[in-house]
Protein chains: 2
Amino acid sequence: MMFLRSPLSRKARIEITGGPGKNYSLDFMGTVDFKQWTSESVAADLERAIHEHRLPPATKLGEDELGDAYGISRTTVRAALHALSHRRLVELKRNRGAFVAQPSVREAREVFEARSLLEPRTARSAAERMTDADLASLRANIEDEHAALDAREDGRALFLSGQFHVEIARIADQTTIEAFVSELISRSSLIIALYWRRRAALCETQAHHALLDAFDQRDGDAAEQLMKSHLLDLVASLDLRNVAQPATSLREALQK
Amino acid sequence: MMFLRSPLSRKARIEITGGPGKNYSLDFMGTVDFKQWTSESVAADLERAIHEHRLPPATKLGEDELGDAYGISRTTVRAALHALSHRRLVELKRNRGAFVAQPSVREAREVFEARSLLEPRTARSAAERMTDADLASLRANIEDEHAALDAREDGRALFLSGQFHVEIARIADQTTIEAFVSELISRSSLIIALYWRRRAALCETQAHHALLDAFDQRDGDAAEQLMKSHLLDLVASLDLRNVAQPATSLREALQK
DNA sequence: GTGCTCAATATTGTATACAATGAAGTCGAA
DNA sequence: TTCGACTTCATTGTATACAATATTGAGCAC
């Protein structure tokens, strides 16, 4: 979560004259823009934090707490949490609050089933419409991911890895599918947080490189096939045996 | 929109004694349950109204107006409108309000592209998992649609026609895909409102009958193919030439 | 008559106050 | 000690008040 204020829309008139001593003093008069958080930007900020595993599954997202953190009222926080709940990244429990979602094994399977229906054929479309600028964008993404891995910023690497998939949908010029894929990618990040088998290996950049080659050659068939097997590999790397969930509370376990 | 209050959770203590004249009078004392609208139920109510074309595209959905209609505050109405905007059924314009969405020609194509990726293979899965109870449910749906058509309730027929598709996703036991399909179906209703070519003919029940037969025989191949061509037929029945939109306001047309 | 500025109005955006709910802790009796 | 009812507390759900913004219309200059 970032609490810095950066320019957006709100202006504050500031006048400072003189200073407390010889070490520093300043004369300033003018307007300073600072960021005004909106429900959308808060939701985006939280989504990224969830995606990067800075907010792990089951984390309580108290309205007051978040309001204080962002310097806004509960009203705006609530809108953001509701937005995230529509994307199934946050679970709202009536009168109990918002929590980072904990996808079940079943939901995990469903998410990858949906991805397997959407992404391979979208990759094909993307390959057919690929411009050089698009290729450069995908290449930059992979490089950023490598850089993040080298810097031990695993969360950031995971986020970028997801953006690769979203970018493909964008290139395919299908904003509706892109929105679905974007949601599925974020949910996949939660699934990875819960069910990832071999923690160390984020080494799926191999698959992304192979896809890049297919895109480079505008080979739709190859892109579709590569995406298909990439998704199968991802599922295979998860431990989706139906072991009993940690079960945060007995109450929840029973009311299902 | 229903403004009646039906039982849910809230109780009101009412005491009425006597009446205005000889024609009627009553003595009553006790508690009466009446429906307490929640943002979810309001959203569902509005979604159905949109789906049934009782609220056509571009209709202004004023917060005060809706609040008065449902007998609730703007807070709850706002949450409902935000929920619908996440499903792209309502467009929120900052400081200007909420309007029933008007999907563009491009968005129309995208919605059916997404459906063509999701629904055929979901129909196949459904065929493979189909139980007799599921079949009966689909049959009942088709019958209801016929009844609605006979009763000249076109909106209701359209809604039921959409539910047929959602029901298939439910039978396929894929709640994630079901949620996407549900959204796409509702958006399709808006698309039909805007681009339907031959107004009279809601005669697509043919296709649904054919699908039912395939399901009856548990023929996944046939179901997938039939769904595929059904969706193609639907797109073909739309007029998606890039004619200039009615353009509600010049302002909007220009800021795109 | 045309086009501009500016005030009035209506509507949304945000914060806050209060009500309702659920969880946890306390006390007492068996 | 254990179980139960009751009280207390923390947190969310809803309504309302106020601030911010966009649109509309009036008035005025040209």
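Reminder, nothing fancy here: chain letters follow the sequence lines and each chain counts from 1.
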Closest approach of Leu160(B) and Asn141(B), non-hydrogen atoms and distance?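 So the minimum-distance heavy-atom pair works out to O-ND2, 3.2 Å.
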On a heavy-atom basis, the closest approach of Ala114(A) and Thr176(B) is CB-CG2, 4.4 Å
Assess whether a salt bridge exists between Arg156(A) and Glu52(A), defined as any Lys/Arg side-chain N lying under 4.0 Å from an Asp/Glu carboxylate O. no
Between the side chains of Asp173(A) and Arg109(B), is the shortest nitrogen-to-carboxylate-oxygen separation below 4.0 Å, so that they form an ion pair?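 Salt bridge between Arg109(B) and Asp173(A), a charged N being under 4.0 Å from a carboxylate O: no.
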Over all strands shown, is Thr76(B) touching base, sugar-phosphate only, or nothing at heavy-atom distances under 4.0 angstrom?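 It contacts sugar-phosphate atoms only.
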Please determine which of Glu183(A), Arg115(A), His51(A) meets the side chain to side chain donor-acceptor pair (under 3.5 Å) test together with Ser188(A). Arg115(A)
With DNA chain D as reference, determine whether Thr75(A) or Asn95(A) sits nearer its 5' end, using the nearest nucleotide of each.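 The residue closer to the strand's 5' end, by nearest nucleotide, is Asn95(A).
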Using only heavy-atom distances, decide whether a donor-acceptor pair under 3.5 angstrom links the side-chain of Arg96(B) to the base of dG13(C). no
In whole angstrom, give the distance that lies between atom [atom1] of [X] and atom [atom2] of [N].
X: Asp68(A); N: dT11(D); atom1: CG; atom2: P; result: 11 Å
X: Lys93(A); N: dA23(C); atom1: NZ; atom2: P; result: 10 Å
X: Tyr70(A); N: dG13(C); atom1: OH; atom2: C1'; result: 19 Å
X: Arg74(A); N: dA10(D); atom1: CZ; atom2: P; result: 15 Å

Residue [X], side-chain heavy atoms: nucleotide from [options] that is nearest:
X: Arg94(B); options: dA15(C), dG13(C), dT16(D); value: dG13(C)
X: Ile72(B); options: dT12(D), dT12(C), dA15(D); value: dA15(D)
X: Lys60(A); options: dT11(C), dT21(D), dT12(D); value: dT12(D)
X: Arg78(A); options: dT14(C), dA15(C), dT14(D); value: dT14(D)
X: Ser73(B); options: dA22(D), dT14(C), dT14(D); value: dT14(D)

Give the C-alpha distance, both sets of side-chain angles, the deciding distance and a yes or no for salt bridge (Lys or Arg N to Asp or Glu O under 4.0 Å) between Arg187(B) and Glu107(B). CA-CA 9 Å; Arg187(B) 291 167 73 180; Glu107(B) 186 178 336; 2.9 Å; yes
Are there any protein N/O atoms within less than 3.5 Å of an N/O atom in nucleotides 5-8 of chain C, and if so, which ones and at what distance?
none

Any side-chain donor paired with an acceptor under 3.5 Å for Glu110(A) and Thr175(B)?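 Yes - a donor-acceptor pair under 3.5 Å links their side chains.
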